[in-house]
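No hydrogens, no waters, no symmetry mates; every other heavy atom, side chains included, goes into these values.
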Amino acid sequence: MDKYIIEISMSPDEVHILNPYFWCVLKLHETTWVNDGFGWSISPEDAWTEANKYYQNK
């Protein structure tokens, strides 16, 4: 069974001022976590929803 992690962080970068929350879905590949998908969101809740939706569609 594949293992995944969802991470959400806030960017201090002014480039992403409208969508400052970065989310990514990481997948365990052998012994290393690799980025399997990502996006930017307006709030932590939206970031979780979008990341979870991405994960569920995998």
Side-chain angles (χ1 to χ4, degrees):
M1 174 181 239
D2 292 330
K3 293 185 180 185
Y4 291 88
I5 292 175
I6 293 176
E7 289 190 356
I8 299 170
S9 60
M10 183 174 170
S11 172
D13 189 355
E14 290 182 15
V15 172
H16 298 285
I17 198 159
L18 297 177
N19 295 307
Y21 294 92
F22 176 78
W23 62 265
C24 65
V25 177
L26 302 174
K27 180 178 179 181
L28 184 61
H29 179 70
E30 296 179 11
T31 60
T32 304
W33 290 98
V34 295
N35 190 333
D36 193 55
F38 66 92
W40 293 92
S41 300
I42 195 165
S43 70
E45 294 83 8
D46 286 345
W48 169 255
T49 300
E50 292 176 33
N52 192 39
K53 183 177 174 181
Y54 177 88
Y55 168 75
Q56 294 298 327
N57 287 328
K58 289 293 287 181

Determine whether more than 12 heavy atoms belonging to other residues, nucleotides or ligands lie under 6.0 Å from atom [atom1] of [X].
{"X": "L28", "atom1": "CG", "value": "yes"}
{"X": "Y4", "atom1": "OH", "value": "yes"}
{"X": "F22", "atom1": "CZ", "value": "yes"}

Quiz item: Do the non-hydrogen side-chain atoms of I8 and W48 ever get within less than 4.5 Å of each other?
Solution: yes
Self-check item: Side-chain touch L26/N35, heavy atoms, less than 4.5 angstrom
Solution: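 They are in contact (side-chain heavy atoms under 4.5 Å apart), so the answer is yes.
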Smallest separation among heavy atoms of [X] and [Y], with atom names:
{"X": "W40", "Y": "S11", "value": "CZ3-CB, 3.6 Å"}
{"X": "I42", "Y": "L18", "value": "CG1-O, 3.6 Å"}
{"X": "A47", "Y": "S41", "value": "CA-OG, 3.3 Å"}

Quiz item: Pick one: which of Q56, E50, K58 meets side-chain contact (heavy atoms from CB on, under 4.5 Å) with Y54?
Solution: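 Between Y54 and the candidates, side-chain contact (heavy atoms from CB on, under 4.5 Å) is satisfied uniquely by K58.
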Self-check item: Straight-line distance of Y55 OH to I6 CD1, nearest 0.5 Å
Solution: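 Taking OH in Y55 and CD1 in I6, the distance rounds to 8.0 Å.
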